[in-house]
Amino acid sequence: MIKSRSVLKRINLQLLIASMMATPLSVLKLTMYILVYAFHQVTPTTLIMKRQPPLKYVREGDVNLGAILPGLGFDHAGLCGQSSFMNSSFHFSEAVIFAVDEINRNQSLLPNVQLGLVVLDDCMKESTAAIQAIRFVKTVIQDGTFLTNQDDVLESYDVAGVVGCFRSSNSMHAASILGPAEVPLVSFSSTSEALSDKEAFPYFLRVVPADNYLVEALIKLITHFEWTYISVVYVEGKFGETAFQTLRSKLMALKNVCIATSQKIYQSFDYEDYVLVMKDLLDHKNARVVIAFTDPENIVHLLRASQKQGTGGYFLWLTNDVWKMSIDSINDKDLIKSLAGSLVVSFESLVSPDYNSHVKNMTPDNNHNPWFRKFWTETFGCSLTDPNCTSNHCASDLPGWSGHTYAMYAYDAVLTYAHALDSIVKRKCPKETGRNVRDCITGLELLTAMKSVSFFGKTGRIEFDANGSVLAKFRVEQFAPHLNGSDLRILHVATYNARTKQLTYVSNISFEHLSREGMFLRGVPQSVCSQQCGPAEYVIHKEQVCCWDCRSCRQNEILINDRTDCLACPEFTWPDKKTNLTLCTSISPDYPDFEEPMVVLCVIVSMVGLTSAALVTTAYIKYRHARVIKATSRELSYLQLVAIFTGYMTVPVLNLKPSDILCITSFFLYCLSFTWLYAPLLVKAVRIYRIFEGGKTSTTRMKCISPKSQVIFTAILTSVQILLCLSVTLIAKPSIILTQVVKTENFVELSCDWTIPGLTSFLGYNLILVFLCSFFAFKTRKLPDNFNESRFISISVYTTLIVWLAFVPTYYTATRQYLKTLLLSLSLLVNHTVAVVFLYLPKIYAAANLTPTNSNTMNSMLVTAVTRLESGAVKGQIQPGRSNEETVLEGEPSPAEVSTPAPTKNSSSDLSLENYDIFTVAKESRSSTL
């Protein structure tokens with residue numbers, strides 16, 4: 001206090017600070033400049049302050065340092081609360097006192113100079129911090145001593161520099177006052193990026209990294225675990241607000257991480273307000289990771305609100321080191337459950353055994369730190385006037401008694417002043433001692449000297465960058481409950497180097513203590529707005545880049561435009577999974593395979609058919625002299641056998657891998673196998689019809705019924721088919737073709753395209769042959785039972801018609817080429833097998849089993865039949881309704897006798913095989929009998 005010359009000027013600081021708190025920072029700075037200017041005027045000023053913070057620590061020295069530290073808690077109405085704002089808050093002041101004591105005992109640092117100390121309490125409030133800063137602005141001191149006056153008078157102190165504050169917003173207000181007065185301010189915990197503005201805060205330094213490095217460490221964790229959707233809770237003031245702005249700007253640069261919701265916590269919040277904050281977080285529960293930039297007093301309220309919402313253990317908190325400071329005050333098992341698994345990024349500091357030993361031996365009797373003494377009485381619930389209050393307790397029983405992280409940074413802040421002061425004294429006034437040293441120290445010189453210091457302190461290397469911050473390492477630690485669940489332990493899991501920007505993991509991070517609710521991936525809780533879209537899904541982005549809906553592309557579509565749209569692949573191609581469905585690749589075509597059951601079955605049947613055809617051929621050669629074989633036009637029968645062989649051999653060819661040459665070959669073989677079968681059959685049917693129709697009117701031998709004629713007719717009919725096939729090959733050549741019937745199916749068939757002209761010509765011509773066979777078979781339906789060749793022809797062609805009536809529509813309506821190939825194979829097998837069964841087996845059976853007696857009977861039957869044919873008696877002999885038995889009784893042979901003739905060695909037949917047909921047999925038999 002300074003007495004005025006005449007009239008004492010009184011300034012009510014409570015009203016002044018209240019008005020400053022409501023003004024922008026620029027106006028606040030202007031007010032501070034005016035206030036500082038007033039302090040330097042000739043007319044002294046008395047500062048009046050009602051209800052000042054009750055605790056302070058003053059110890060005079062040759063050169064004094066000030067400190068604005070948190071001790072008591074925040075109070076909405078007044079400047080200060082009545083109880084400690086957190087457990088172990090006494091460490092801040094005690095570390096400063098301990099550092100000054102060690103420096104004073106160190107003869108190599110500031111020898112012959114005793115550091116003094118003034119520690120004031122800002123009570124975690126900005127206005128209180130501003131008032132306390134005013135007290136360190138140099139004023140006119142009457143007698144050069146610390147003056148004490150009545151309680152309402154605000155005392156001022158002459159200090160070379162100040163240590164503090166804890167909160168960034170408090171440091172900003174204090175720096176705004178101390179800066180114009182050229183009083184340096186070194187903080188041990190204020191990390192707001194706003195304090196790096198050297199134009200606004202030229203005299204501010206800090207022995208901790210700025211918040212942007214803290215944010216970088218948090219982002220390293222977020223990207224490592226692939227968390228893309230997070231919520232943020234931040235406290236009112238420059239620390240929380242600036243940290244949030246820095247985080248938001250850095251996340252925007254990432255472009256794949258977004259903030260679900262952000263909630264600002266005000267100092268005036270009550271419990272219900274915290275409940276509303278947790279409700280909002282729960283409304284965005286996909287954002288399971290919550291980043292918290294808070295003060296210690298906010299933590300318990302948040303955790304209790306989380307527990308009330310039933311989300312204890314659901315949210316994963318990523319936060320700053322103030323949460324470590326509050327861990328000792330949390331002993332509720334439910335709150336521990338809510339906190340378990342959380343990750344804390346804190347400054348890396350070394351443990352000081354000397355300081356821990358010092359604190360362990362502290363008692364109210366040997367230590368006069370007012371914040372320590374108050375915490376002692378609050379914790380043990382006793383009064384210092386009671387001797388048992390000291391004797392029955394010890395410091396190690398206090399929660400959080402062991403070394404505090406920020407305590408060592410406060411220690412290094414004091415040590416920074418000591419090194420700078422030592423360099424100034426040794427350079428500028430090495431011979432000065434005592435209080436005279438103070439006269440050679442100015443604020444600007446001290447600031448310049450501190451910017452140049454470089455030493456190892458309790459927390460590591462202290463060396464300031466251009467922004468007045470120290471680049472340090474961060475420890476990433478995790479809260480894990482003990483087995484009993486009654487308290488938490490802190491596990492060091494990673495280290496972040498702010499210089500190299502590298503995050504190094506030293507142990508596994510476990511999330512086993514979190515609630516199993518929600519999505520986990522490889523043991524890591526998922527914090528994403530939307531789950532990753534499936535391989536064939538495209539993204540529909542919402543307003544936030546990390547939120548989207550997934551829609552499925554069609555199966556034949558690829559993803560384009562960074563997976564935001566779909567595009568159909570060209571025909572015969574399909575999305576390639578190897579390229580994450582971003583490119584199309586050719587579909588491997590499917591074609592008949594000999595491993596497929598139906599193909600194998602068809603080939604086996606064809607092999608059996610070939611074997612049966614070979615046996616039939618062998619039997620025909622063996623019984624070639626049998627009259628029943630001779631009577632069926634052996635030459636035409638052999639041609640038909642060639643057709644049957646061709647048909648059976650075509651089946652395996654159809655089921656080979658298609659090629660252009662194979663397609664032409666299979667087309668020719670298929671067409672000829674039918675034509676060679678039905679052309680001779682038509683010639684036979686016509687011949688039989690002509691013989692029996694001509695016998696009614698003439699007894700002379702007909703023309704063009706010899707075997708040679710029949711072969712010529714067959715060759716002509718076959719030549720027509722060959723010409724048709726050659727024409728088709730020239731006009732619409734059969735070739736391989738790829739077919740993808742359903743565009744959305746990964747199925748392409750490789751097959752032979754016989755073309756529409758090829759199939760039309762083949763079907764049309766062979767159907768004409770079959771219909772003509774049917775016509776002549778129908779015309780000879782009333783022949784005597786003895787001449788049943790036409791009946792077998794009828795059965796064969798009728799069966800063929802039925803097969804083809806089913807085949808043609810089925811073939812043209814089939815969508816799969818595999819089915820079409822199978823139908824072609826089956827049509828061959830059925831038609832040629834029917835021919836073998838009905839055209840050959842009965843004759844072979846008859847030739848093999850007919851006895852000589854039967855042979856004579858056969859001759860008699862043929863003679864009778866031919867005689868009646870020539871005389872016209874055949875006509876009307878078999879009346880409708882008369883049985884074969886009746887015919888036999890009238891002297892006619894039975895059907896069995898005709899249907900089962902067999903040649904014998906004694907048969908009277910020496911005619912040439914080439915001319916031995918049914919007509920010749922009939923004539924010779926009649927002459928022999930006569």
Side-chain angles (χ1 to χ4, degrees), residues 55-59 65 67-73 83-106 115 117-121 163-164 166 188-189 207-208 296 321-331 346-382 384 387-415 418 457-460 475 477 487-490:
L55 302 180
K56 64 182 177 179
Y57 181 87
V58 179
R59 191 171 69 189
L65 294 177
I68 304 175
L69 306 174
L72 300 181
S83 60
S84 300
F85 88 97
M86 60 172 288
N87 290 344
S88 69
S89 61
F90 71 90
H91 278 294
F92 304 124
S93 55
E94 188 59 37
V96 172
I97 298 171
F98 179 73
V100 169
D101 290 341
E102 285 203 333
I103 292 169
N104 288 335
R105 290 194 296 267
N106 189 346
L115 283 181
L117 186 63
V118 179
V119 182
L120 303 179
D121 195 342
V163 175
F166 181 79
F188 57 92
S189 65
V207 292
V208 292
D321 51 2
V322 296
W323 287 55
K324 283 176 58 179
M325 299 165 55
S326 304
I327 191 173
D328 294 322
S329 61
I330 299 175
N331 50 23
S346 61
F347 312 127
E348 187 172 55
S349 62
L350 302 176
V351 177
S352 174
D354 293 340
Y355 178 73
N356 280 352
S357 178
H358 166 74
V359 173
K360 188 174 182 180
N361 295 323
M362 284 169 45
T363 67
D365 292 337
N366 61 21
N367 188 289
H368 299 287
N369 182 337
W371 291 277
F372 169 72
R373 295 165 69 88
K374 183 172 182 59
F375 185 54
W376 185 287
T377 59
E378 287 178 350
T379 302
F380 299 126
C382 60
L384 295 180
N388 294 328
C389 188
T390 302
S391 60
N392 292 342
H393 306 285
C394 58
S396 59
D397 295 330
L398 294 171
W401 71 270
S402 60
H404 192 282
T405 300
Y406 282 115
M408 291 299 97
Y409 281 96
Y411 181 101
D412 281 348
V414 177
L415 202 58
K458 297 291 186 183
T459 60
R475 289 168 61 92
E477 298 170 311
D487 57 354
L488 291 167
R489 53 197 172 103
I490 301 176

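Predicted model only: the values in this text are computed from it and were never measured.
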Assess the residue pair V414 and E102 against the criterion (side chain to side chain contact (heavy atoms under 4.5 Å, CB included)); give the C-alpha distance rounded to whole Å, side-chain angles, the decisive distance to 0.1 Å, and a yes or no.
CA-CA 10 Å; V414 177; E102 285 203 333; over 6 Å; no
Show your reasoning for whether ring-ring contact (aromatic ring centres under 6.0 Å, His included) applies to F347 and Y406.
CA-CA 9 Å; F347 312 127; Y406 282 115; 5.8 Å; yes
Derivation and outcome, side chain to side chain contact (heavy atoms under 4.5 Å, CB included), residues F380 and N392:
CA-CA 10 Å; F380 299 126; N392 292 342; over 6 Å; no
So how far is it from D354 CG to K458 NZ, rounded to the nearest 0.5 Å?
5.0 Å
Stepwise side chain to side chain contact (heavy atoms under 4.5 Å, CB included) test for K374 and F90
CA-CA 9 Å; K374 183 172 182 59; F90 71 90; over 6 Å; no
Students often mix this up, so state it plainly: with edges at 30° and 60°, are the rings of W376 and H393 parallel, tilted or perpendicular?
perpendicular
Pairing residues for C394 by the disulfide bond (SG atoms under 2.5 Å apart) criterion, not counting sequence neighbours
none
Output for pair (N106 CG, D101 CG), nearest 0.5 Å, gives 12.5 Å
With a 6.0 Å cut-off on the ring centroids, do W371 and F375 count as close?
no
Applying side chain to side chain contact (heavy atoms under 4.5 Å, CB included), run through V96 and L69 and close with a yes or a no.
CA-CA 10 Å; V96 172; L69 306 174; 4.0 Å; yes
Side-chain touch L72/L55, heavy atoms, less than 4.5 angstrom:
yes
Taking the side chain as C-beta and beyond, is there a heavy-atom pair between T379 and P399 under 4.5 Å?
yes
Of F166, Y57, Y411, Y409, the residue whose pairing with F92 passes ring pair (Phe, Tyr, Trp, His ring centres under 6.0 Å):
F166
